[in-house]
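These notes concern the structure reproduced below.
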Amino acid sequence: MEPSKAPKAFLKPYNPNEQEPRMLEAWEKSGYANPDKMIEDGLTAPDAPSYSIVLPPPNVTGTLHMGHAAMLAIEDILIRYHRMRGYKTLWVPGTDSAAIATQSKVETDIYKAEKKTRHDLGREELMKRIDAFVEESKATIINQTKKMGSSLDWSRYAYTMDEKRYRAVMEAFVRMHDAGLIYRGNRIVNWDPKLQTTVSDDEIEYVEQKDAFYHFKYGPFDIGTVRPETKFGDKYVVMHPDDARYKEYTHGQQIDLEWINGPITATIIKDEAADMEFGSGVMTITPAHSGIDFEIAQRHKLDVERVIDDRGILLDIAGEFKGQHIKKARPLIVEKLRAKGLISKVDENYVHNVSTNSRGGGIIEPQIKLQWFIDVNKAVQFPDGKTQTLKERMREAISSGNTKIMPERFEKIYYHWIENLRDWCISRQIWFGHRIPAWFKDGEVRVSVTSPGEGWEQDPDTLDTWFSSGLWTFSTLGWPEDTDDLKTYHPTSVLETGYDILFFWVARMVLMAGFLRGEVPFKNVYLHGLVRDGQGRKMSKSLGNIIDPLTMIEKYGADATRLSLIIGASPGNDLKLSEDRVRGYKHFANKLWNITRFVLENPHGGEVKLNAGDQKLVDEVVEIAKQVSAHIDAFRLDLAADQIYHFVWDRFAAEILEESKPIFRAGGDPSNSSGQAAAASRAHALSSILTSSLKLLHPFMPFVTEAIWQQLPKKESDLLMVAKWPV
RNA sequence: GGGCGGUUAGCUCAGUUGGUAGAGCAAUCGCUUUACACGCGAAAGGUCACAGGUUCGAGUCCUGUACCGCCCACCA
């Protein structure tokens with residue numbers, strides 16, 4: 001038997017664990033993730049169009065999960081593809097401080113280990129502990145991100161709390177304040193009694209709960225509630241002005257009646273907020289602890305009195321129940337009402353929604369508080385000269401087509417969200433985060449990046465984490481300075497993220513970029529689905545169904561892990577991932593490895609004119625390349641990957657290679673000159689098809705393709721990463 | 001209460017402007033065929049959730065129903 005002409009490496013199956021670290025090193029050493037270096041080395045034209053993505057920064061608290069892995073795979077494909085196509089391509093990495101999540105995590109850890117709360121430690125000490133924790137977690141997540149093969153430009157790495165980003169946040173706040181978009185006011189907010197902070201509307205999660213629904217006799221009326229503990233201050237009875245049942249009562253009329261702690265005087269209020277269909281059509285209101293009640297009270301200039309304090313304790317107004325926690329007081333209050341004969345009916349199993357803080361907090365208690373808000377309904381002038389409200393701006397970004405959302409159906413959801421949007425409460429009472437640049441002295445308030453001078457105390461509150469996240473596309477590029485990066489790479493080409501943070505993040509970036517830059521933050525939004533387990537369940541620790549990307553990388557390689565997250569994952573739809581899928585794609589990497597071996601064992605010598613049949617084969621790949629490109633351009637990475645996968649396996653390996661065997665056999669006969677010519681032509685064709693296939697696959701499976709490229713005797717560039725896309 | 005998505009082979013999913021159904025994995029049978037057993041070949045497997053409608057023709061368009069999932073909503 002003839003000795004193999006292929007490099008020795010190919011005598012063994014493809015081993016990702018051996019190759020991947022080498023490829024990572026080669027890429028990193030090249031510096032080609034940085035577009036400046038690409039231009040410097042003449043690999044990208046200085047005047048080439050730019051293509052940029054800013055990585056949605058993973059929380060520093062976590063480790064890499066499959067959702068991150070999917071995100072990295074998708075974005076890396078887009079990035080590598082555009083880099084190979086000659087774009088000035090930039091992918092900016094970063095990490096997010098995730099204010100509430102991080103602080104809770106550290107606080108919990110400290111409490112477990114030392115039985116100390118943040119108040120025991122003090123603000124400064126807690127910050128130190130958090131910083132230490134962040135440093136450690138950061139390294140972990142960065143290292144894991146690299147292992148996926150992400151060709152991020154680490155020289156541009158940003159952290160939401162680093163100096164530059166901090167400055168951008170301060171600047172943004174001051175500018176918005178000066179424009180009148182940020183105001184401080186007493187409004188009803190979502191208060192989390194457990195974490196002792198406000199929470200934004202979007203972070204509320206409604207949880208279904210069963211409670212008793214009580215019907216009380218409130219003078220001549222029947223009123224209902226699941227929260228008897230709020231009723232102490234109820235002295236207004238509201239009914240719809242058109243409700244025929246109560247036409248004898250007039251607005252402002254006063255009625256004396258017996259209530260929880262004795263006789264009170266109630267006032268009739270006619271307001272359309274009362275639903276005639278619900279219960280008796282009559283309700284009493286608690287303006288201090290209910291959004292809708294607060295609005296009614298404001299409309300009619302009614303008294304607003306607090307009943308419950310920040311910790312859920314009843315105040316003076318509760319009389320004998322004062323000082324008790326609402327949870328404990330409720331049954332006692334019910335008991336008293338029953339004793340007084342004021343309960344007319346009880347529905348024991350009433351199902352309703354309670355609002356909870358989705359960030360690991362408690363049950364929300366609406367409270368009226370002096371906080372900072374962003375006014376979404378105030379018309380102001382934008383940098384591009386237009387005068388409009390933030391709501392209008394957010395709507396326009398999409399309706400004008402300046403930003404397109406993929407899949408399109410999410411546009412409707414986005415509009416609907418804007419419809420329901422209220423002023424955004426941006427101040428939080430947690431300690432870890434961007435401090436609000438507001439200063440107090442003798443009842444005076446000033447807003448400025450630095451202290452106005454001696455004796456001014458900075459607002460102790462911090463900003464909602466999404467405030468700083470909203471600046472991310474441009475704060476990472478150097479804003480507020482007018483940098484070259486900003487000019488070249490903003491608006492970014494694509495924002496790629498999970499559909500679950502469409503509101504939190506996407507809408508807020510549109511808002512911020514609109515007001516502070518006068519442009520959209522990105523031209524496209526590509527929303528991927530959630531990665532679930534093989535049965536469609538969310539992956540969670542408690543279910544024990546987590547598939548860890550790093551374990552998969554170790555067992556099957558990063559390429560296989562990437563492909564398993566791409567093929568079969570259509571935009572915006574959840575992906576069910578099982579280990580079998582990952583294994584299947586490892587086999588594919590090996591297949592490619594062996595195809596190469598066969599091709600290299602039949603080398604072609606120098607320039608050969610292809611015969612007509614072989615030319616047709618080569619043209620076939622060009623056609624495939626066009627289709628793959630079209631799919632990627634349409635964000636159908638699943639179809640693109642699927643197509644090239646099948647071409648390589650079913651067409652190239654199964655048919656073309658098999659047909660080549662007899663041709664090479666005939667070419668081995670020295671007396672058969674036409675056979676030799678045919679073999680030479682075929683060898684040349686195979687080599688060309690292999691080269692093109694490697695290029696087409698490279699964005700999807702960067703490691704194995706690069707490892708093979710490194711073994712090719714002749715190649716157009718040292719690294720496949722910077723080779724030219726076939727079409 | 002409103003909206004969205006899904007329902008195609010045992011499992012996970014494709015199916016782009018309508019033309020008598022495809023892939024991967026699993027399962028069956030057979031292969032030490034000199035690129036690959038992480039492989040090759042063969043065979044098997046679906047009344048495309050259901051009911052109507054449009055059409056020469058529908059998985060693909062329209063109407064409705066059922067089930068699963070998600071999102072939104074200040075019904076006391």
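Chain letters run A, B, ... following the sequence lines, proteins first and then strands; every chain starts at 1.
As judged by a 4.0 angstrom heavy-atom cut-off over every strand, A/Y350 is placed among residues touching the sugar-phosphate backbone only. Within 4.0 Å of A/E277, counting heavy atoms only, lies no atom of the nucleic acid at all.
Residues that satisfy the salt bridge (Lys or Arg N to Asp or Glu O under 4.0 Å) test with A/D192, not counting sequence neighbours, are absent from this structure. Partners of A/F664 according to the ring pair (Phe, Tyr, Trp, His ring centres under 6.0 Å) rule, which considers only residues two or more places apart in sequence or in another chain, do not exist here. Residues meeting the salt bridge (Lys or Arg N to Asp or Glu O under 4.0 Å) test with A/E408, sequence neighbours left out: none. Judged as a salt bridge (Lys or Arg N to Asp or Glu O under 4.0 Å), and not counting sequence neighbours, the contacts of A/D211 are A/R330. Partners of A/E658 under the side-chain hydrogen bond (donor to acceptor under 3.5 Å, both in side chains) rule, at least two apart in sequence or in another chain, are A/K661. Under the rule for a side-chain hydrogen bond (donor to acceptor under 3.5 Å, both in side chains), A/E20 has no partner lying at least two apart in sequence or in another chain. Partners of A/Y414 according to the ring pair (Phe, Tyr, Trp, His ring centres under 6.0 Å) rule, which considers only residues two or more places apart in sequence or in another chain, do not exist here.
Between A/Y206 atom OH and B/rG1 atom P the separation is 18 Å, expressed in whole Å.
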Heteroatom pairs (N/O) under 3.5 angstrom, protein to nucleotides 30-32 of chain B:
none

Between the protein and nucleotides 3-9 of chain B, list every N/O to N/O distance that falls short of 3.5 Å.
from: B/rC4; atom 1: OP1; to: A/K412; atom 2: NZ; distance (Å): 3.0

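Salt bridge A/K391/A/D423: absent, no basic N to carboxylate O contact under 4.0 Å.
For A/E601, the listed nucleotide lying nearest its side chain is B/rA35; candidates were B/rC36, B/rA35, B/rA76. Distance from the side chain of A/N420 is smallest for B/rC72 among the nucleotides B/rG15, B/rC72, B/rC38. Among B/rA76, B/rA14, B/rC74, the nucleotide with an atom closest to any side-chain atom of A/D275 is B/rA76.
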Margin query: Taking Watson-Crick (N1-N3 plus N6-O4 or O6-N4) and G-U wobble (N1-O2, O6-N3), each under 3.5 Å, can you produce the dot-bracket string of RNA chain B? Use [ ] for crossing pairs and | for inter-strand ones.
Written below: ((((((((.[[[[.)...(..]]]]..((((.......))))......[[[[[..)....]]]]])))))))....
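When each of A/R636 and A/K661 is assigned the nucleotide of RNA chain B with its nearest heavy atom, A/R636 is the one assigned upstream, toward the 5' end.
Interface remark: the A/E658 side chain does form a donor-acceptor pair with the B/rA35 base, using a distance-only criterion of under 3.5 Å. Side chain A/K586 to base B/rC38: a donor-acceptor pair is found below 3.5 Å.
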Check: Taking protein heavy atoms under 4.0 Å as touching, what does nucleotides 21-29 of chain B look like 5' to 3' if B marks base contact, S marks sugar-phosphate-only contact and - marks none?
Finding: --S-S----
Run the side-chain donor-acceptor check on residues 230-246 of chain A: report pairs under 3.5 Å with partners two or more places apart or on a different chain.
from: A/T230; atom 1: OG1; to: A/R227; atom 2: O; distance (Å): 2.9
from: A/K231; atom 1: NZ; to: A/D234; atom 2: OD2; distance (Å): 2.9
from: A/K231; atom 1: NZ; to: A/T284; atom 2: OG1; distance (Å): 3.3
from: A/D234; atom 1: OD1; to: A/T286; atom 2: OG1; distance (Å): 2.8
from: A/D234; atom 1: OD2; to: A/T284; atom 2: OG1; distance (Å): 2.6
from: A/D234; atom 1: OD2; to: A/T286; atom 2: OG1; distance (Å): 3.4
from: A/K235; atom 1: NZ; to: A/D303; atom 2: OD2; distance (Å): 2.9
from: A/Y236; atom 1: OH; to: A/D303; atom 2: N; distance (Å): 3.0
from: A/H240; atom 1: ND1; to: A/D242; atom 2: N; distance (Å): 3.0
from: A/D243; atom 1: OD1; to: A/R245; atom 2: N; distance (Å): 3.2
from: A/D243; atom 1: OD1; to: A/R245; atom 2: NE; distance (Å): 3.0
from: A/D243; atom 1: OD2; to: A/R245; atom 2: NH2; distance (Å): 2.9
from: A/R245; atom 1: NH1; to: A/S280; atom 2: O; distance (Å): 3.4
from: A/R245; atom 1: NH2; to: A/M276; atom 2: O; distance (Å): 3.0
from: A/R245; atom 1: NH2; to: A/S280; atom 2: O; distance (Å): 3.4
from: A/Y246; atom 1: OH; to: A/S280; atom 2: O; distance (Å): 2.6

